[in-house]
Amino acid sequence: MSDAGYDHAAVERRWQEAWDDEGAYRTPDDVDDPTYVLGMYPYPSGKLHMGHVRNYTITDAYARYRRMTGDEVLHPMGWDAFGLPAENAAKERDTNPRDWTFDCIDTMRDQMEAMGFGYDWDREIATCTPEYYKWNQWLFSRFHDEDLVERRDAEVNWCPECETVLADEQVEGEAELCWRCDTPVEQRELEQWFLQITEYADELLEDIDDLEGWPNSVRQMQRNWIGRQHGTELEFAIEGHGSVEAFTTRVDTIYGATFFALAPDHPISEELAAEDDAVHEFIEHEADPEGDEPNGVETGLTATNPVTGEEIPVYVADFVLSDVGTGALMAVPGHDDRDHAFAEKMGVDIDPVIAPSEDEVPDVSEEAFTDDGVLVNSGEYSGLDSETARERLTEDIDSAEEATQYQLRDWGISRQRYWGTPIPVIHCDNCGPVMVPDEDLPVELPEFINTTGNPLDAAEEWKQTTCPDCGGEATRETDTMDTFVDSSWYFLRYVSPDSEDVPFDLEQANDWMPVDQYVGGIEHAVMHLLYSRFFTKVIADHEGLEHREPFTNLLAQGMVQLEGEKMSKSKGNVVSPQRIVEEYGADTARLFMMQAAQPERDFDWSEEGVRSTYAFLTRLQGMVEDYTANEPDGDDDAIASYVDAEIDATIAIATDEYDDLTFNKALRETQDLVRTLRQYVDSTEPHADTYERGLSAVVRLLAPVAPHLAEELHDALGNDGFVVDAEWPTANVDYDYVAKRRRLVENTREDVRQIIDIAGIDDPQAIDVVIAPDWKYDALEIAIESDAPNLIGELMGESHIREQGDAAASYGQDLQAEREALSMTLEPDEEHAALESAAWLIEREFDAPVSVVRADAVDDSVLKNAEPGRPAIEIAD
RNA sequence: GCGAGGGUAGCCAAGCGGCCAACGGCGGCGGACUCAAGAUCCGCUCGUGUAGACGUUCGUGGGUUCGAUUCCCUCCCCUCGCACCA
């Protein structure tokens, strides 16, 4: 490396201080409906990683872009500050989660400032503060008021050695050992608090259709997660055990039900186990719900088919899951793959009752026929199509009714941990669980106690309290909330982060919400994004929020990889943002990432790429420096007009791309313009206004991504005020014109190259570029507009075309041949001007004079190759 | 198995009815600059071709169209999500 590059550290420090002094990124409360740009807030681990940098560079660049186009922008940041890692770290370091968390927050905030992210830090929130989590508790009470909270038994992972509940990720390996003491983990039933998200299942599902600003993948994942299925619930009678409810989506196959199956933990299975050794043995030892092979045991009982009255054998089978449907099913081996496999194994009948068509009964002995079709062997229902049969049977069977099943379960929010929001409940022996009254909120966390179990359980003094209802002795709930509760409404808190009497200012939220652009990782496709939608809907129904969806546009950003692999500590392939910022500066890191790929795609980190990005910024800085030190004095000539047009083109394209968040394309155009400007300054004395307009445009087009250097150069170019507040550059031409002009110039240059190459011209002496005669443009226009069958005839109707004689006939035939594909080119004058202004590029390349001439200045023989959009080219060697 | 997104020149990757042998980048080749290297800049990079042409290409096989990389169908392959889901 010969040249060191610009002094990024000084530039970045200077502007970060200047922004800070001016409060450049504050969004006052009185602005009207700002553009709300939000990145998913991070867990304060203490270190910014490349994924964060990419995430927040995207939101920052977009926020800055929208701001420069004149929008008010809301771009806040905060901390998902509760969570288990803080507890673990506190134990390891013999401190407490709170101090550790705030240390991490301070470090990460500094790192974010070093990256130049333009946040309104006055709106910063941290979910672990009582000012924030008070409102988690308050919202919990409101959910309770609306009967959306339930307390019931649920299974949890339990380590008997540590006497604590473990999260799934703390259970290690196939053997399911505790991560701390390697004791085998047990399942335990504990009373848990649930939020009844299933009450909103239908709306959550149906509204996905309207989330047009979301990626399809995320929408589909949410649909799958909710997993709604319409079907029929009906009863089969089992002798001695009464009626058993079964759910099926294929009641049309009921005549083919040849056995009935119960989940191993179905109540009837458990009853049977008590009296039947074989069933007991199966449930305790053989059942393997995880295995691929369906296993089962015959009970000796029969179930009565409610339609046919037939008695079919009842099995207890491990492929039947108690949490799917009703945990009991009518099995139709002829038309269900899994039932088929089981029937084959156990030797149960397999009967076809659905056929592809009436006279084509399928052979189901080898394989089930699972499509809808026409009913056969189905008594009075034979001949009906599946759909109609389902409706009729559901109507006709006494015990049957339409039913909808969901895969979505209620949301268990109880966590037996310290570092979370205390669930605001008091347990009283007389009154049961009682909500803490609103005026007593927040229930604050007590001091952290380093213990093996739940520290809240050990905080005796905190735990002992009195019942709000009866005043008797009572104890506090010691569970805390899942941290996904915190993140389900944080985007509302930014609207009025200091509100003391309400979680958020309703009027302000109605004006400012929803979030216009949300950006984050795909790992939150279901949980966080679904819970946030749920909270938003509940708050809309009961707290007056006028929005039912929180995020209008969602971008799931791709991963930053190294050699095709995800960066991870365990692989040791982590590139540290700190090191990059120190070596090359934040602007380089940001620019490299944004130009490397579209935001939603994965891309490889490349040190080479970073270096060349840094070199680009250094060169640009040098260009501006040279310009201001020594202002050029060239003419406003043809070359200047070419450069001017290219500036317009770049602005037009880059602006479109910024709108789409395809920064990579916008930046490619911008870098191209820098190249054009360098060619300009290399080949002639530039026209000062034109050159400066170009530099100024480049600086502003880069400003959203490389804000520090942009400020520096904006300042160097003699502007007052921040580039942050500068106006987005505007183009004076439309996109269509730009595209045509560029294509014309590019095609012409290519043609010249090709001729020189093919004809083997070593040293061209002069190059003439000849615009087609006006009549050809007229003819083209007529050809495009005409729908006459005989185009030549129509053209010859025009006297000024007819008098061209053979040339007209010949061109007319060309037009006729390509008639369907014709499109308008630039006007002759526009074409002339475009080529004239681009002639220098050809001169520069071939070192020969180029003249762009009009048709009337040359001999007819030259003109035969000239067409609108494609000039004739004559090269003298 | 179901669902979503993909398969484009040596590699990565745009295009998504005619302007397409197909943007851009990487790699490779040649040239300018340099004492040299690096950086930078300019070309070339499917085949043939002594004036801008022609031929064969965009997973496979069909189809629609005057015309398909672009639209429809079949099949094959990849990635992601869900799944003994009744």
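Each chain gets a letter, A, B and so on, in the order its sequence line appears, and its residues count up from 1.
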Item to check | Between A/Tyr777 and A/Glu831: side-chain donor-acceptor atoms closer than 3.5 Å | outcome: yes
Next on the checklist: Please classify the nucleic acid contact of A/Arg749 as base, sugar-phosphate, or nothing, using heavy-atom distances under 4.0 Å.
Outcome noted: sugar-phosphate
Checklist outcome for this item: When pairs are called at under 3.5 Å and a stem needs at least three consecutive Watson-Crick or G-U pairs, the stems of RNA chain B are B:1-7 with B:76-82, B:10-12 with B:24-26, B:27-32 with B:40-45, B:46-48 with B:53-55, B:61-63 with B:71-73
Checklist entry - How is A/Asn865 classified with respect to the nucleic acid when contacts are heavy atoms under 4.0 Å: base, sugar-phosphate, or nothing? => result base
Next on the checklist: Need one value for A/Pro868: base, sugar-phosphate or nothing, where a base atom within 4.0 Å counts as base even if backbone is also close, heavy atoms only.
Outcome noted: nothing
Checklist entry - Can you tell me how far CD of A/Gln671 sits from OG1 of A/Thr613, rounded to the nearest 0.5 angstrom? => result 6.5 Å
Next on the checklist: At 4.0 Å (heavy atoms only), tell me whether A/Ala872 reaches a base, stays on the sugar-phosphate, or touches nothing.
Outcome noted: base
Next on the checklist: Heavy atoms from C-beta onward define the side chain here; which of B/G3, B/G15, B/G52 lies closest to that of A/Gln220?
Outcome noted: B/G3
Checklist entry - Taking the side chain of A/Ile758 as heavy atoms from C-beta outward, which of B/G49, B/C41, B/G15 is closest to it? => result B/G49
Next on the checklist: Once you measure the plane-to-plane angle for A/His335 and A/Phe369, does it fall in the parallel (<30°), tilted (30-60°) or perpendicular (>60°) bin?
Outcome noted: perpendicular
Checklist entry - So what does A/Arg819 hit on the nucleic acid, given a heavy-atom distance under 4.0 Å: a base, only sugar-phosphate, or nothing? => result nothing
Checklist entry - Please give, in whole Å, the distance from B/A68 C1' to A/Glu820 CD? => result 15 Å
Next on the checklist: Parallel, tilted or perpendicular, judged at 30° and 60°: which one describes the rings of A/Tyr614 and A/Tyr6?
Outcome noted: tilted
Next on the checklist: Taking any heavy-atom pair under 4.0 Å as a contact, classify A/Ile875: base, sugar-phosphate, or nothing.
Outcome noted: base
Any N/O pairs under 3.5 Å between the protein and nucleotides 20-31 of chain B? List them or say none.
| residue | atom | partner | partner atom | Å |
| --- | --- | --- | --- | --- |
| B/C23 | O2 | A/Arg668 | NH2 | 2.8 |

Checklist entry - Ring centroid separation for A/Tyr584 and A/Phe592, is it under 6.0 angstrom? => result no
Checklist outcome for this item: Nearest-nucleotide check on RNA chain B, A/Ser823 vs A/Arg678; residue mapping nearer the 5' end is A/Ser823
Checklist entry - So what does A/Arg219 touch, heavy atoms closer than 4.0 Å: a base, only the sugar-phosphate, or nothing? => result nothing
Checklist entry - Going 5' to 3' along nucleotides 81-86 of chain B, which nucleotides have protein heavy atoms under 4.0 Å from the base (write B), which only from the sugar-phosphate (write S), and which from neither (write -)? => result BSSBBB
Checklist entry - So what does A/Arg619 hit on the nucleic acid, given a heavy-atom distance under 4.0 Å: a base, only sugar-phosphate, or nothing? => result sugar-phosphate
